[in-house]
Amino acid sequence: MSNAERKEILVSQDELELQRSYIEKVKAINDYYFETNAKRKRAHIVTFGCQMNAHDSEKLLGMLCEMGYDETDKEEGADLIVYNTCCVRENAENKVYGNLGYLKHFKEKSKDFKIILCGCMMQQGTVVDKLKKSYRYVDIIFGTFNLYRFPELLYTNIETGGQVIDIWEEHKEIIEDIPSIRKHVFKSSVNIMYGCDNFCAYCIVPYVRGRERSRAPQDIVNEIKSLVEDGVKEITLLGQNVNSYGKKLEEKVTFAELLRMIHQIEGLERIKFMTSHPKDLSDELIYTIRDCKKISRYIHLPIQSGSTEVLKKMNRKYTKEKYLTLVEKIKNEIPDAAITTDLIVGFPGETEEDFNETLDVVEKARFSGAFTYIYSIRTGTPAANMEDQVPEAVISERFNRLLQKLNPIVHELNLAQVGQVLDVLVEEVNSQNEELVTGRADNNSIVHFKGNKQLIGNIVKVKITSCKTFYLNGELELN
Ligand code: SAM
Ligand code: SF4
Ligand code: F3S
């Protein structure tokens, strides 16, 4: 272990100890409240954005519960509300401002009611300036780099009653072992890396999540082992570009090597990961997925645009042809793999020809699913200053054409699964029909079938009997 590494661990442990002391202090205040009021304070967390944020919310909830709060799934009746924000597109930010207006009434009713804002949106100076000026009633504001300091910030606010703002410009050490409460007993996300170094021209993430840094493989393996001991069957490894995992570690480890280490963990049944950047997807990774049966036959491989010209302006560092070759290689090696993607419509300068290239890729790659986005200008990114922003009406017409091309293909791929027997991890009772349960197949397809809540958390065999565009219907196979 190098001196720097040793120092980092010491700093982490000191910092954790300090935060534990604040957890105890807030807990003492809440225990007293419980003794005098015969009820616990309730906390509600709203998560905007991606799985990274959802996972951070599990850590926030873990800390809140240790501080003596009960979780509530409603805003009404909560004593404390956390908005874990996202800024990847403008509408994600607008939702937060809209909701904040509504929360003002809660604050007017009770001065002890706490409003806490954190996450990606808070890493933007303009946002914090606006909040300071027009949303004085927000109690605590912090960003993505100092989430673990939440207990200290909450205690300071409780003690002083004043607005507490703590935003860091960059990450410091990676803090391990933050308490966390998982949403599901049987599945969990695991961060394998933080931040992003890719600076795609449209994207705000590198500015709000900082430089790419990987966790040590042993820390990841240990975390997963303890999750498995706790009943977890499926894990999703998270990173903005998992394919570049380990490149900056002192002892280099590739993502494929990490997967093979995780694959050996006894009791773990299914491994998923996201997101894969096409520029870094190696043959070694394709062979690893092919050979390791616990790894899901599901690869989320965002292309963003089918036009090589646009991809160049986006700084994606691959061409349409390279992407299609990659897809072909994956399909040759892993024929049952489902490949999904992200697509942006209306990147600055996107011409009709460029857009037709996107439609062409959709037809050739035959995606099992896609997240489709309308380009959103993000101040501070290179694309925000590009000329030729595409008019809204043109974008919206292209967006509809994209869906018309995508959806029939998704439906056809679902139809091809009818008659097959799939391994489905049952996740919940169906929200529309309580005679049904819903789960995910190994290729990430959503599957509904008749069953009861005793099945939740089990991987069962389901024969697919019919399908719609976005899900499959089936019947439980009774051996
Ligand atoms: N790191 C992942 C990758 O590169 O594949 C993506 C993470 S990002 C949080 C998820 C998706 O949001 C991107 O793949 C992209 O399609 C979309 N996105 C990012 N910035 C956007 C913007 N300014 N406007 C519209 N969509 C955007
Ligand atoms: Fe954003 Fe690109 Fe990084 Fe993904 S790889 S988070 S799209 S900058
Ligand atoms: Fe995720 Fe949104 Fe942040 S997509 S990384 S929560 S900007």
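Each ligand, and each atom within it, is numbered from 1 in the order the structure gives. Residue numbers run from 1 in the order of the sequence given. Everything numeric here is computed off the predicted structure, so don't read it as measured data.
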Item checked: Candidate pair T47 and N84, rule side chain to side chain donor-acceptor pair (under 3.5 Å), full reasoning -> CA-CA 5 Å; T47 309; N84 191 7; 5.0 Å; no

Notebook entry, point to check: Would you call R316 a ligand 1 contact, heavy-atom distance under 4.0 Å?
Noted result: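 So R316 counts as touching ligand 1.
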
Charged N to carboxylate O under 4.0 angstrom, [X] versus [Y]?
{"X": "R20", "Y": "E66", "value": "no"}
{"X": "E350", "Y": "K313", "value": "no"}
{"X": "K272", "Y": "E234", "value": "yes"}
{"X": "E212", "Y": "K247", "value": "no"}
{"X": "D56", "Y": "R209", "value": "yes"}
{"X": "K252", "Y": "E257", "value": "no"}
{"X": "K405", "Y": "E363", "value": "yes"}

Check: Is any side-chain heavy atom of D79 closer than 4.5 Å to a side-chain heavy atom of R42?
Finding: yes

Margin query: With a 4.5 Å cut-off on side-chain heavy atoms, are S296 and N444 touching?
Written below: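 No, every pair of side-chain atoms sits at 4.5 Å or beyond.
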
Notebook entry, point to check: Under a 4.0 Å heavy-atom limit, does P206 contact ligand 2 with its side chain, its backbone, both, or neither?
Noted result: side chain

Item checked: Quiz item: cation-pi between R401 and F355, 6.0 Å / 45° -> no

Next item on the list: Under 4.0 Å from a heavy atom of C50: give me the atoms of ligand 3 that qualify, with their elements.
Entry: 1 (Fe), 4 (S), 5 (S), 6 (S)

Next item on the list: Considering the heavy atoms of Q240, write down every atom of ligand 3 situated less than 4.0 Å from one of them.
Entry: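 Near Q240, the atoms of ligand 3 are 5 (S).
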
With heavy atoms of [X] as the reference, note each atom of ligand 1 found under 4.0 Å away.
{"X": "P302", "answer": "5 (O)"}
{"X": "Y375", "answer": "24 (N), 25 (C)"}
{"X": "R378", "answer": "23 (N)"}
{"X": "T275", "answer": "2 (C), 3 (C), 5 (O)"}

Proximal atoms of ligand 2 relative to [X] (non-hydrogen, under 4.0 Å):
{"X": "H277", "value": "5 (S)"}
{"X": "R316", "value": "2 (Fe), 7 (S)"}
{"X": "F199", "value": "8 (S)"}
{"X": "V205", "value": "6 (S)"}

Top protein contact for [atom], by heavy-atom distance:
{"atom": "atom 2 (Fe) of ligand 3", "answer": "C86 SG, 2.4 Å"}
{"atom": "atom 2 (Fe) of ligand 2", "answer": "C200 SG, 2.3 Å"}
{"atom": "atom 6 (S) of ligand 2", "answer": "Q240 OE1, 3.5 Å"}
{"atom": "atom 20 (N) of ligand 1", "answer": "Y202 CD1, 3.3 Å"}
{"atom": "atom 7 (S) of ligand 2", "answer": "Y202 OH, 3.4 Å"}
{"atom": "atom 15 (C) of ligand 1", "answer": "Q304 OE1, 3.4 Å"}
{"atom": "atom 1 (Fe) of ligand 2", "answer": "C203 SG, 2.3 Å"}
{"atom": "atom 25 (C) of ligand 1", "answer": "I374 O, 3.4 Å"}

Notebook entry, point to check: Should R209 be listed as contacting ligand 2, given a heavy-atom distance under 4.0 Å as the test?
Noted result: no

Margin query: If you count every heavy atom of other residues, nucleotides or ligands that lies below 6.0 Å from E352 atom CD, does the total exceed 12?
Written below: yes

Structural part of [X] in contact with ligand 1, heavy atom criterion under 4.0 angstrom:
{"X": "Y373", "result": "side chain"}
{"X": "I204", "result": "neither"}
{"X": "V88", "result": "both"}

For the pair [X] and [Y], name the ring-plane relationship: parallel under 30°, tilted 30 to 60°, perpendicular over 60°.
{"X": "Y202", "Y": "F347", "answer": "perpendicular"}
{"X": "Y373", "Y": "F371", "answer": "parallel"}
{"X": "Y207", "Y": "F199", "answer": "perpendicular"}

Next item on the list: Of the side chain and backbone of C120, name the one, both, or neither that has a heavy atom under 4.0 Å from an atom of ligand 3.
Entry: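 C120 to ligand 3: side-chain contact only, backbone stays beyond 4.0 Å.
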
Notebook entry, point to check: Where does R209 meet ligand 3, judged by heavy-atom distances below 4.0 Å: at the side chain, the backbone, both, or neither?
Noted result: side chain

Margin query: Please state which option from Q51, K279, Q240, R89 has its nearest heavy atom closest to atom 18 (N) of ligand 1.
Written below: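 Selected option, by shortest heavy-atom distance: R89.
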
Check: Which of these, S376, G49, C203, has its nearest heavy atom closest to atom 24 (N) of ligand 1?
Finding: S376

Next item on the list: State which residue, out of Y148, Y83, F150, fulfils the ring pair (Phe, Tyr, Trp, His ring centres under 6.0 Å) condition with F142.
Entry: F150

Notebook entry, point to check: Has C196 got an N/O/S atom less than 2.8 Å from atom 3 (Fe) of ligand 2?
Noted result: yes

Note to self: Does any N or O of ligand 1 fall below 3.5 Å from an N or O anywhere on D342, backbone included?
What the structure shows: yes

Item checked: Test side chain to side chain donor-acceptor pair (under 3.5 Å) applied to Q218 and N222, step by step -> CA-CA 6 Å; Q218 206 49 53; N222 289 345; 3.3 Å; yes

